[in-house]
Amino acid sequence: MSHPKKNTGKKKYRSARQDTFQLWRSGELEGNEASRDRSTREGAASRHKRKNPSRNTNVTFTDAGHGILVEQHRRTCLVRRNEEEDLICRYSPSLNLDEYGMLAVGDFVELGQDPDSNEYYLTKVKARESKLSRPGPPDREHREQVLAANIDQVVVVVSLKEPEFNTGFVDRYMMVCEASDIRMSLVVNKIDLDDTIPEKIREFEKYLDRVVYTSVKSSQGLDELRELLFDQTSVLTGQSGVGKSSLIQALLPEKEIRTGVVREGDGKGRHTTTKSTLFEFGKGWMIDTPGIRRLGFWEMDASDLAIMFPFFRDIDQCKFNDCLHLTEPGCSVTEAVDDEIVPIFKYESYLRILDSLKRR
Ligand code: GDP
Ligand code: ZN
């Protein structure tokens, strides 16, 4: 089931994006550079210069094709050039990111190679088709943080058990996706571990693009998951131990993907530090990197939360604009909870998130 507010006219847009991705991938997408050669400005270029005073910034790179940014670090980044080929690249001194602030996973980039050292350089960033971003931290609100670019959807993976289903993680992701206008689906894995799906999970069916119930053990729902992800560019994320690697492995049996082990007894997934990887899937790809995962713990202002919490959005305006929906008079949210229009577990999730913000 999908929410009526979402999806309108998106399908057409989505397929247009697919075409662009294909064109870009085949090297036929012309122009549209997000970066220009203005190395005198502040930014990655000058930072690079300071760090590498001896480096010759006038070097002419030989064309080394293009790729997708998979991972970024302070001085280098990882770029998927061809299938299965991740290159470590430095940032070109001429790369100017002023317009974009910073690079993001999923950015389409052009590469050059230093003919002397043979090192790869990221030379250009293409204009983004879409972005998953969150506002900057409270003290630097203007600094929007783009976490992923050129993606069709976010797919959050949770598990029914082991580890226990975390409502707050999904709720937080919903806020970011809505603010970024990126559709979001939920995968509930390990459904072999219990016969019943609790109401607090079912509730998401009303609000998200899709909710897919899967089990790697019994193969249930894997076809539906394949259909959700195939030919799409997806951020596939979730807390450690929910079974992401196992699911990807099930979808791509020919690839070797490391799977972690759940520790006996405590039900918590052990953290495996696999290198972040981008998996090509049909005409699209799926990616999960630690930076994107951390978005599930996004710290926002209490007032932002009160306004953005997705399960309150169809409720009338409260008496006070800055209502935190606690004990304020004329609060429509607490009224809706009392009238069971908003399920109590959603209100509790809101309170937990609010509480976590206060305790920072
Ligand atoms: P990741 O951290 O999200 O990549 O999780 P993993 O794929 O490493 O899986 C964590 C643990 O959960 C492993 O021991 C898997 O065997 C197990 N697991 C994954 N999917 C399922 C499932 O559908 N059912 C059950 N019972 N266990 C699963
Ligand atoms: Zn209120």
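Remember, it's 1-based here, ligands and their atoms both numbered in the order they're listed.
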Which atoms of ligand 1 have any heavy atom of S240 under 4.0 Å away?
2 (O)
Taking ring pair (Phe, Tyr, Trp, His ring centres under 6.0 Å) as the cut-off, I'd like each qualifying pair that reaches into residues 317-336, sequence neighbours left out, listed once.
F312-H325, H325-Y350
Looking only at side-chain N and O atoms, does R183 offer a donor or acceptor that is under 3.5 Å from a partner on Q232?
yes
Specify side chain, backbone, both or neither for N189, according to which of its non-hydrogen atoms lie closer than 4.0 Å to ligand 1.
side chain
For residues 226-253, the ring pair (Phe, Tyr, Trp, His ring centres under 6.0 Å) pairs (sequence neighbours left out) are F230-F281
Taking atom 19 (C) of ligand 1 as the point of reference, which of S245, A250, S246 owns the nearest heavy atom?
S246
Heavy-atom gap G238 to ligand 1 smaller than 4.0 Å:
no
Using the test side-chain contact (heavy atoms from CB on, under 4.5 Å), find all partners of A104 that sit at least two apart in sequence or belong to another chain.
D107, R128, V146, A149
Would you indicate which of E162, K161, Q249, K244 comes nearest to atom 3 (O) of ligand 1 when only heavy atoms are counted?
K244
Specify side chain, backbone, both or neither for L193, according to which of its non-hydrogen atoms lie closer than 4.0 Å to ligand 1.
side chain
Under 3.5 Å donor-acceptor, D339 side chain and I341 backbone:
no
Between K346 and D171, is the closest basic N to carboxylate O distance under 4.0 Å?
yes
Are Q239 and N166 linked by a side-chain donor-acceptor pair shorter than 3.5 Å?
yes
Is D355 paired with R352 through a side-chain N to carboxylate O contact shorter than 4.0 Å?
no
Should you measure from each heavy atom of V242, which atoms of ligand 1 turn up under 4.0 Å away?
3 (O), 5 (O)
Does the separation of the ring centres of F345 and F311 fall below 6.0 angstrom?
no
Between T233 and D152, is any side-chain donor less than 3.5 angstrom from a side-chain acceptor?
yes
Need the ligand 1 atom indices (1-based, order shown) with element for anything under 4.0 Å from a heavy-atom of D192.
22 (C), 23 (O), 24 (N), 25 (C), 26 (N)
Would you list the protein N, O or S atoms within less than 2.8 Å of the Zn ion (ligand 2), leaving out water?
C318 SG, C323 SG, H325 ND1, C331 SG
Element-labelled atoms of ligand 1 that are located less than 4.0 Å from some non-hydrogen atom of V216
20 (N), 22 (C), 23 (O)
